[in-house]
Engineer: 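Sending over a structure as structure tokens; questions will come in a sec.
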Amino acid sequence: MVTPNTIVVTGGAGFIGSNFLNLMVPRHPEILFVNFDALTYAGNLASLESIKDLPNYRFEHGDIRDREAIKRVWETHKPDCVVHFAAESHVDRSISGPTDFIETNVVGTLNLLEAFRAGTGGATSTRFHHISTDEVFGALGDEGLFTEETRYDPSSPYSASKASSDHIVRAYHRTYGLPVTITNCSNNYGPRHFPEKLVPLMILNTMEGKPLPVYGSGLNVRDWLYVADHCEAIWTVLTQGVPGETYNVGGNAEKTNLDVVHSICRMVGEETGKSYDDLAGLITYVKDRPGHDFRYAIDATKIRTELGWEPTETFESGLRKTVRWYIENTNWIDQIRSGEYRSWIEKNYSQR
Ligand code: NAD
Ligand code: DAU
């Protein structure tokens with residue numbers, strides 16, 4: 001059992017990282033949480049408003065590609081644990097420009113592992129937890145589930161960069177004996193999700209009466225997990241996982257993209273009084289994503305039986321919370337919709 005003193009949380013201003021900090025910082029006043037984030041387009045301090053003044057929280061602005069910045073954070077805080085979220089995370093962006101993905105996801109992870117291995121600044125090295133994705137396994141057909149033994153077969157520059165980083169993290173355990181753990185999780189949804197991804201994009205577009213761009217046939221399948229359930233799984237593995245082990249995390253909620261979009265139309269309709277038929281009429285089929293993986297589905301037996309973790313939200317209950325959060329947090333939406341966001345939406349969808 002790991003009892004952390006000081007955790008460096010990389011990428012804590014992003015979607016999952018900020019949800020993790022919003023849950024764990026108030027719950028664990030005995031632990032110092034250091035949020036180390038470069039604040040790229042995906043990082044938003046607005047997501048951390050309610051914890052920013054708590055005494056066990058610090059923000060360190062810095063880039064994991066920069067070894068000097070890492071050294072500074074290690075020397076200042078001497079972390080015993082790392083929870084590594086920081087990454088370029090959007091598949092479509094990796095297709096338009098892969099370089100940042102290799103630099104942050106691969107080289108950035110290597111830089112953190114090196115600081116952890118060296119015990120830079122006199123830090124102890126109790127646990128390095130690496131957050132990864134089910135996309136490293138590639139695509140499934142109609143049948144089957146990803147287990148921890150499934151062969152890696154990534155399709156996009158994003159998933160290839162995450163696969164590379166997983167291999168490096170594992171190599172640091174096998175070669176240097178570092179106490180690492182890895183989780184490979186399915187698609188998350190929930191509050192504070194940047195609206196370039198399917199769920200928040202569709203919620204905002206239905207709220208605003210804009211087209212709902214569905215790639216290809218809309219029949220691709222993803223396994224959806226409410227973000228707070230993912231955060232609890234990460235905490236469980238951080239504190240109870242076996243060093244060197246990998247755990248798959250999933251929501252047992254396979255849906256086609258069209259199912260997801262129809263559920264959003266129904267729920268936004270119920271919550272705002274708009275007509276479901278009008279909202280579903282906004283669905284627009286656009287050009288498919290190159291190399292679009294057909295189906296992802298997770299077998300989460302290992303984390304359930306060995307560590308006792310299970311998701312608590314169904315897709316219906318989690319999506320309801322998510323839709324309500326976006327309706328109630330229009331300030332957050334205004335804050336993150338920078339010029340950069342608008343130009344990405346224009347660039348991405350005008351080419352499809
Ligand atoms: P996100 O894009 O919302 O956030 C990424 C965060 O990392 C941002 O705060 C950004 O500022 C920061 N960051 C990016 N480059 C950085 C750098 N070079 N140095 C320091 N900080 C940097 O991502 P997310 O959706 O929250 O995903 C977090 C992690 O979880 C990623 O590793 C991703 O691969 C993994 N993951 C995501 C999902 C999902 O559905 N979102 C599912 C499984 C795994
Ligand atoms: O599976 C885990 C992965 O889930 C994470 O590792 C990634 O970081 C995360 O971004 C997510 O990747 P996806 O590519 O699955 O998520 P995205 O929301 O981009 O797309 C979900 C599905 O919806 C996918 O099949 C593509 C489709 N899609 C997406 C967008 C943005 C559309 O049909 N229209 C859209 O506008």
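Note that ligands are numbered from 1 as they come in the structure, with each ligand's atoms numbered from 1 the same way. The basis for the numbers below is simple: all heavy atoms, side chains too, and nothing from hydrogens, waters or symmetry mates.
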Engineer: Decide whether the shortest distance between a heavy atom of Gly12 and an atom of ligand 1 is less than 4.0 Å.
Structural biologist: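 No heavy atom of Gly12 comes that close to ligand 1.
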Engineer: Could you list which atoms of ligand 2 come closer than 4.0 Å to a heavy atom of Leu201?
Structural biologist: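 What qualifies from ligand 2 is 36 (O).
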Engineer: As an exercise, identify every atom of ligand 2 less than 4.0 angstrom from a heavy atom of Val91.
Structural biologist: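 Near Val91, meaning under 4.0 Å from one of its heavy atoms, ligand 2 has 14 (O).
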Engineer: Considering only heavy atoms of Thr133, which atoms of ligand 2 have at least one such atom less than 4.0 Å away?
Structural biologist: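 Heavy-atom distances to Thr133 below 4.0 Å select 1 (O), 2 (C), 3 (C), 5 (C), 6 (O).
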Engineer: Looking at Glu208 and Arg337, is there a salt bridge between them, counting it only when a charged N and a carboxylate O are closer than 4.0 Å?
Structural biologist: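 Salt bridge: yes.
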Engineer: Short list, please: which atoms of ligand 2 are under 4.0 Å from a heavy atom of Val214?
Structural biologist: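 Near Val214, meaning under 4.0 Å from one of its heavy atoms, ligand 2 has 33 (O).
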Engineer: Work out whether the distance between some heavy atom of Thr10 and some atom of ligand 1 is less than 4.0 Å.
Structural biologist: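 Under 4.0 Å: no for Thr10.
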Engineer: So is Phe85 close enough to ligand 1, meaning a heavy atom under 4.0 angstrom away?
Structural biologist: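 Checking ligand 1 against Phe85, which is what was asked, there is a heavy-atom contact under 4.0 Å.
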Engineer: Looking only at protein heavy atoms, which one is nearest to atom 23 (O) of ligand 1, and what is the separation?
Structural biologist: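 The closest one turns out to be Ser89 OG, 3.3 Å.
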Engineer: Can you confirm, on distance only, whether ligand 1 has an N/O atom lying under 3.5 Å from any N/O atom belonging to Asn188?
Structural biologist: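 Yes, since at least one N or O of Asn188 sits under 3.5 Å from an N or O of ligand 1.
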Engineer: With a 4.0 Å cut-off on N to O distance, would you call Arg72 and Glu75 a salt bridge?
Structural biologist: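 Judged by the 4.0 Å cut-off on N to carboxylate O distance, Arg72 and Glu75 do not form a salt bridge.
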Engineer: Do the charged groups of Arg222 and Glu254 touch, with an N to O distance under 4.0 Å?
Structural biologist: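 Result for this pair is no, no salt bridge flagged.
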Engineer: Quick check: Glu88 and ligand 1, any N/O pair under 3.5 Å apart?
Structural biologist: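 Min N/O separation from ligand 1 is not below 3.5 Å for Glu88.
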Engineer: Pick, from Met202, Arg289, Lys255, the option with the minimum heavy-atom distance to atom 19 (O) of ligand 2.
Structural biologist: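 Result: the heavy atom closest to atom 19 (O) of ligand 2 is in Arg289.
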Engineer: Using a strict threshold of under 4.0 Å (side-chain N to carboxylate O), is an ion pair present between Asp92 and Arg289?
Structural biologist: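 Salt bridge: yes.
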Engineer: Between His193 and Tyr326, do the side chains contain an N or O donor and an N or O acceptor separated by less than 3.5 Å?
Structural biologist: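 Short answer, no.
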Engineer: Going by the atom numbers of ligand 2, which of them fall below 4.0 Å from some non-hydrogen atom of Asp134?
Structural biologist: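 Taking each heavy atom of Asp134 in turn, ligand 2 has 1 (O), 2 (C) under 4.0 Å.
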Engineer: Using a 4.0 Å cutoff against the non-hydrogen atoms of Ala13, which atoms of ligand 1 qualify?
Structural biologist: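 Near Ala13, the atoms of ligand 1 are 9 (O).
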Engineer: For Ser186, take its heavy atoms, then give the atoms of ligand 1 lying under 4.0 Å from any of them.
Structural biologist: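 Going through ligand 1 atom by atom, the ones under 4.0 Å from Ser186 are 42 (C), 43 (C).
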Engineer: Only heavy atoms of His292, strictly under 4.0 Å: list the atoms of ligand 2 that pass.
Structural biologist: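 By the 4.0 Å cutoff, the relevant atoms are 24 (C), 25 (O), 26 (C).
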Engineer: Going by the order shown, which atoms of ligand 1 are within less than 4.0 Å of some heavy atom of Gly43?
Structural biologist: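 Per the distance check, 8 (C), 9 (O), 11 (O).
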Engineer: Going by the order shown, which atoms of ligand 1 are within less than 4.0 Å of some heavy atom of Asn187?
Structural biologist: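 Once the distances to Asn187 are compared, the set is 40 (O).
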Engineer: If only atom types and distance count, is the side chain of His129 paired as donor or acceptor with the main-chain N or O of Thr181 below 3.5 Å?
Structural biologist: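 Present.
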Engineer: Taking the six-membered ring where the residue is Trp, are the ring centres of Phe33 and Tyr57 under 6.0 Å apart?
Structural biologist: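 Ring-ring flag for Phe33/Tyr57: false, centres at least 6.0 Å apart.
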Engineer: Which option out of Ile16, Thr109, Asn19, Thr133 puts a heavy atom nearest to atom 37 (C) of ligand 1?
Structural biologist: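 Nearest heavy atom to atom 37 (C) of ligand 1 lies in Ile16.
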Engineer: Any atoms of ligand 2 less than 4.0 Å from a non-hydrogen atom of Tyr349? List them with their elements.
Structural biologist: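 Here the atoms of ligand 2 in question are 30 (C), 31 (C), 35 (C), 36 (O).
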Engineer: Using 4.0 Å as the upper bound for N to carboxylate O, is an ion pair formed by Glu148 and Lys302?
Structural biologist: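 No.
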Engineer: Considering Glu135, Glu88, Lys197 one by one, which has a heavy atom nearer to atom 13 (P) of ligand 2 than any of the others?
Structural biologist: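 Among Glu135, Glu88, Lys197, the closest heavy atom to atom 13 (P) of ligand 2 belongs to Glu135.
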Engineer: Find all atoms of ligand 1 within a distance of less than 4.0 Å from any non-hydrogen atom belonging to Leu39, and give their numbers and elements.
Structural biologist: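 Contacts of ligand 1 toward Leu39, numbered from 1: 11 (O).
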Engineer: Hey, are Glu232 and Arg27 close enough for a salt bridge, meaning a charged N less than 4.0 Å from a carboxylate O?
Structural biologist: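 Yes, Glu232 and Arg27 are salt-bridged.
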Engineer: Go through ligand 1 atom by atom and flag the ones less than 4.0 Å from a non-hydrogen atom of Ser132.
Structural biologist: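 Those of ligand 1 that fall under 4.0 Å from Ser132 are 43 (C), 44 (C).
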Engineer: Check contact between Ser18 and ligand 1, using heavy atoms of the residue and a distance below 4.0 angstrom.
Structural biologist: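 Distance cut 4.0 Å: Ser18 fails for ligand 1.
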Engineer: Between Leu198 and ligand 2, which part of the residue brings a heavy atom under 4.0 Å of the ligand: side chain, backbone, both or neither?
Structural biologist: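 Near ligand 2, Leu198 shows its backbone as well as its side chain.
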Engineer: Taking N or O atoms only and a 3.5 Å limit, does Phe36 qualify as a polar contact for ligand 1?
Structural biologist: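 Among all N and O atoms of Phe36, none is under 3.5 Å from an N or O of ligand 1.
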Engineer: Give, for atom CZ of Arg93 and atom CG of Asn348, the distance between the pair rounded to the nearest 0.5 Å.
Structural biologist: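 The CZ atom of Arg93 sits 8.5 Å away from the CG atom of Asn348.
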Engineer: Report yes if Thr104 has an N/O atom closer than 3.5 Å to an N/O atom of ligand 1; otherwise report no.
Structural biologist: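 N/O-N/O distance below 3.5 Å exists for this pair.
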Engineer: What I'd like to find out is whether the side chain of Asn188 reaches to under 4.5 Å of the side chain of Phe15, using heavy atoms alone.
Structural biologist: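 Of all side-chain heavy-atom pairs linking Phe15 with Asn188, at least one is under 4.5 Å.
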Engineer: Out of Ala86, Ala87, Gly11, Ala38, whose heavy atom is nearest to atom 14 (C) of ligand 1?
Structural biologist: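 Heavy atom nearest to atom 14 (C) of ligand 1 belongs to Ala87.
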Engineer: Hey, is Tyr158 one of the residues with a heavy atom under 4.0 angstrom from ligand 1?
Structural biologist: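 Per 4.0 Å heavy-atom rule, Tyr158 contacts ligand 1.
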Engineer: State the atoms of ligand 2, each with its element, that fall below the 4.0 Å cut-off from a heavy-atom position in Tyr158.
Structural biologist: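 In order of numbering, the contacting atoms are 5 (C), 6 (O), 7 (C), 8 (O).
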Engineer: Please determine whether residues Leu258 and Tyr349 belong to a single hydrophobic cluster, defined as Ile, Leu, Val, Met, Phe, Trp and Tyr linked transitively by side-chain heavy-atom distances below 4.5 Å.
Structural biologist: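 They do share one cluster, since a chain of ILVMFWY contacts under 4.5 Å joins Leu258 to Tyr349.
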Engineer: Kindly give the cluster partners of Tyr247, where membership spreads through any ILVMFWY side chain lying under 4.5 Å from a current member.
Structural biologist: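 Leu225, Val237, Val242, Val249, Ile303, Leu307, Trp309, which link up through side-chain heavy atoms under 4.5 Å apart, make up the rest of the cluster.
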Engineer: Do the charged groups of Arg324 and Glu271 touch, with an N to O distance under 4.0 Å?
Structural biologist: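 Salt bridge: yes.
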Engineer: Judged by non-hydrogen atoms, does Lys162 sit under 4.0 Å from ligand 2?
Structural biologist: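 Outside the 4.0 Å threshold, so no.
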Engineer: Verify the cluster assignment for Ile333 and Leu212: are they in a single hydrophobic cluster under the rule of side-chain heavy atoms below 4.5 Å apart?
Structural biologist: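 Same cluster.
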Engineer: Would you say ligand 1 has an N or O under 3.5 Å from any N or O of Thr40?
Structural biologist: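 It does: an N or O of Thr40 is found under 3.5 Å from an N or O of ligand 1.
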Engineer: Should the heavy atoms of other residues, nucleotides or ligands under 6.0 Å from CG of Asn56 be counted, would the total exceed 12?
Structural biologist: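 Yes.
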Engineer: Of all the heavy-atom pairs spanning Pro191 and Thr322, show the shortest one and how long it is.
Structural biologist: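 Heavy atoms of Pro191 and Thr322 come nearest at N-CG2, 4.4 Å.
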